[in-house]
Amino acid sequence: MPTGTDFLSSPIEYLKGVGPTKGELLKQEFGIHTFRDLLHDFPFRYIDKTKFHKIRDIHPQMDTVQVKGSFSHLEEVTTGKRKRLVGLFRDDTGAIEVVWFQGIRWIREFVRVNQRHVLYGKVNVFQKRISLVHPEVELEATAEARPNLSPVYRSTEKLNSRGLDSKGRRKLMSMLLQQIKPGDLPENLSQYLIERLKFEDRFTTMKHIHFPPDQEALNRARNRIKFEELFFMQMALLRTRKKRRLSIRGAVFEKVGAAFLEFYEKQLPFQLTDAQKRVVKEIRADLGSGKQMNRLLQGDVGSGKTVVAVMTCLLAIDNGYQACVMAPTEILAQQHFRSFVDYLEPIGIQVGFLSGSVKGKMRKDVLGRLETGELHIMIGTHALIEPKVKFQNLGLSIIDEQHRFGVAQRAKLWRKGTVTPPHVLVMTATPIPRTLAMTLYGDLDVSVIDELPPGRKLIKTLHRREANRMQVVKFMKTQIAAGRQVYVIYPLIEESEKLDLQNLQDGYEELLSYFPKPEYQIGVVHGRMSSEEKDHEMQRFVDRKTQILVSTTVIEVGVDVPNATVMIIENAERFGLSQLHQLRGRVGRGGNQSWCILMTNYALSKQGKERIRMMVQSTNGFEIAEADLRMRGPGEVIGTRQSGTLNFRLVNLAEDTRILQTARAIAERIMDRDPWLEDPKHDPIRKYLAASSIYGKDWSRIS
Ligand code: ADP
Ligand code: MG
């Protein structure tokens, strides 16, 4: 938002009807400091005052109703110490009880029996009787003079008690809008865009978002505001990309050399899929271009991203550079380390490992070998971004991110390049929905592995309940007898680590009774174990010393044990969709038929049912990610609710796909044809961006 000494930057307490006390409250409760902040605090819904209900038609399942009529009766009733005001409100179809527990005096003064009123409120059901509790009351004449769609603003107890309930806030807003002049809201979009997209001007849009004359005007206002949110963000992302391309030279990896070829010809244990080949080609083109690569690699679970990462590292090494791979957890980092060592040690590539748990002499040693260039590849956790970690010649950073690293951390890895910033490849563990990718990674180029390696059998997903337990146990036994291995996963409830462990402990003991030692061996992994202990247990499972691995979700990411064919997820209803998909991806990694069994309670919420249904029906990670976004919203899907980039006022990434695509396409076109926004027709956009406190940094230089 542009700031300055203009009218909209006035402190909120200067608005008529606010003053110091209410001003302070607005700041505290909602961070509303200025007129502009208030203006941008949009209604969260609108009451359609054109619709009235007949009292006869009101039933318990209804949420809010609006009725027209009059009180035939109003009376204070006292039970014990508590007073309430009870009225009977009638229209020509019937009567309904109305109750107030607070503000009784005010109602008594304001409301007369047999006078025409309009009530608006929630349907309340108490002991099978329907009533309205604390409805909004207005004289019918006043209600009719109001616009049809009445805005509802957020409020809190504190604000309510100071007269800043939704109604009070409505008054403030109309006060503010009366004082604003079109010049206070200079146009921020080009005329040709406004026309093409059929928007109102900015000033009208603001008026309509608060007090829409009708639904059509509201839709238009909402569309424009959503478009603005997405468009300016895309402009900023694309500008970042452009700037990098223009100003940041990347190391040129033009050779495909000995290491790459030897690996490809001798070490690679399988044929690459067409998708893998295509992606490697895209990466090679980037690396040879002389520009810095910033690429996102997306692929479903098991699509074979690791080997692409390995080959990318080899391109760096063949051209005399080091590479690093950063993973979000210790287990995953170790897993990568092992795969890299298995693949690359035979051809003489030196791979090092670094995490918080590498200490003392070992740490010194590995850091030393990194700095002298003896190590070709360094794999680790975020310990890699610590200042003490110095490369001799870092040319490539691969970030396996599972949505957990932020842009800031990515940037830190960049700075590790000695001469030029390293090329960056970001890999996601499960697919992310397109709209999310476009916003979170909108500054990156995208490669997608949209094909699974051949010979994979589709994982069969089943939903079972406690009554099927013995059947499930029997099934586990047949699989184990056939030499296969089984995961059993328990949910992790963040609020109660103790309970989790209890869950896991109980489950483990129950399993012991079905799978007695020494015939069976069961391993346990959970978050409270040290990484050495976890590793030890994992390794035992990898080495087939245990047939069953009981675990909390620490196992979720990336673990690769192709011999495991059964994934049992206990209390599956407690997991998010992407997480379930990720867990399911732990099996089906070899040539054998695999199963995922979702165990749930009997009583499932609507959402829980929907998730289970989705899992049983689809094995496509892209599809599942979209569904997850629809059901849980973007914050949950990426696992960081506070993520600043996703703080939209109106946009909902699950729904506003079309607007996002339009905004992206238009932003791309503008950045292609007029990257510096020199064309006078782009003046409004340039000025707005330059004055913006969020995007300004990047644009002020050119304004
Ligand atoms: P993810 O994309 O989930 O990280 P991985 O890279 O761990 O997947 O690969 C999953 C499994 O598939 C591994 O066991 C790997 O060796 C195997 N794999 C990868 N690419 C191929 C391929 N082209 N053909 C056969 N198997 C492959
Ligand atoms: Mg992986």
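Because the structure is predicted, anything quoted here is derived from the model rather than measured. Counting starts at 1 for both ligands and their atoms, following the listed order. Just so it is clear, the values below take in all heavy atoms, side chains as well, and ignore hydrogens, waters and symmetry mates.
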Give the numbers and elements of all ligand 1 atoms closer than 4.0 Å to a heavy atom of [X].
{"X": "L272", "result": "23 (N)"}
{"X": "D300", "result": "2 (O)"}
{"X": "R456", "result": "10 (C), 11 (C), 12 (O), 17 (C)"}
{"X": "V301", "result": "3 (O)"}
{"X": "S303", "result": "2 (O), 8 (O)"}
{"X": "T306", "result": "4 (O), 5 (P), 6 (O), 7 (O)"}
{"X": "Q271", "result": "22 (C), 23 (N), 24 (N)"}
{"X": "T273", "result": "23 (N)"}

Measure [X] to ligand 1 on non-hydrogen atoms and call it side chain, backbone, both or neither using the 4.0 Å cut-off.
{"X": "I449", "result": "neither"}
{"X": "Q276", "result": "side chain"}
{"X": "H336", "result": "neither"}

**Ring centre gap for F391 and Y321 strictly below 6.0 Å** =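 Between Y321 and F391, which both carry aromatic rings, the centre distance is not below 6.0 Å.
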**Per atom 3 (O) of ligand 1, closest listed option by heavy atom (G302, G588, G455, P562)** =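 Considering heavy atoms of G302, G588, G455, P562, the nearest to atom 3 (O) of ligand 1 sits in G302.
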**Asked** With respect to H581, which candidate in N620, D300, T461, T619 satisfies the side-chain hydrogen bond (donor to acceptor under 3.5 Å, both in side chains) definition?
**Response**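 That would be D300; it is the only one of N620, D300, T461, T619 passing the side-chain hydrogen bond (donor to acceptor under 3.5 Å, both in side chains) with H581.
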**Request:** Pick out which of R241, R244, Q234 makes a side-chain hydrogen bond (donor to acceptor under 3.5 Å, both in side chains) with D443.
**Result:**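 With D443 as partner, side-chain hydrogen bond (donor to acceptor under 3.5 Å, both in side chains) holds for just one option, R244.
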Taking only non-hydrogen atoms of [X], do any sit less than 4.0 angstrom from ligand 1?
{"X": "V308", "answer": "no"}
{"X": "Q298", "answer": "no"}
{"X": "G299", "answer": "no"}

**Prompt:** Under 4.0 Å between a Lys/Arg side-chain N and an Asp/Glu carboxylate O for E573 and R465?
**Reply:**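 Looking at R465 together with E573, the answer is no, because their closest N to O distance does not fall below 4.0 Å.
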**Asked** Any luck finding a side-chain donor-acceptor pair between T565 and Q593 under 3.5 Å?
**Response**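 No.
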**Prompt:** Counting distance only, does the side-chain N/O of E570 pair as donor-acceptor with the main-chain N or O of P491 below 3.5 Å?
**Reply:**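 No: the side chain of E570 does not pair with the backbone of P491.
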**Prompt:** Any side-chain heavy atom of R540 within less than 4.5 Å of one from V542?
**Reply:**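 Not touching, per the 4.5 Å side-chain cut-off.
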**Asked** Is the number of heavy atoms from other residues, nucleotides or ligands within 6.0 Å of NZ (K477) greater than 12?
**Response**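 Yes - once you tally the heavy atoms of other residues, nucleotides and ligands closer than 6.0 Å, there are more than 12.
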**Request:** Step through the shown structure and confirm whether more than 12 heavy atoms of other residues, nucleotides or ligands are within 6.0 Å of CZ on R456.
**Result:**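 More than 12 heavy atoms, drawn from other residues, nucleotides or ligands, come within 6.0 Å of this atom.
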**Request:** Name all residues meeting the salt bridge (Lys or Arg N to Asp or Glu O under 4.0 Å) criterion together with R284; count only those two or more places apart in sequence or in a different chain, and write none if there are none.
**Result:**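 Not a single residue meets the salt bridge (Lys or Arg N to Asp or Glu O under 4.0 Å) criterion with R284.
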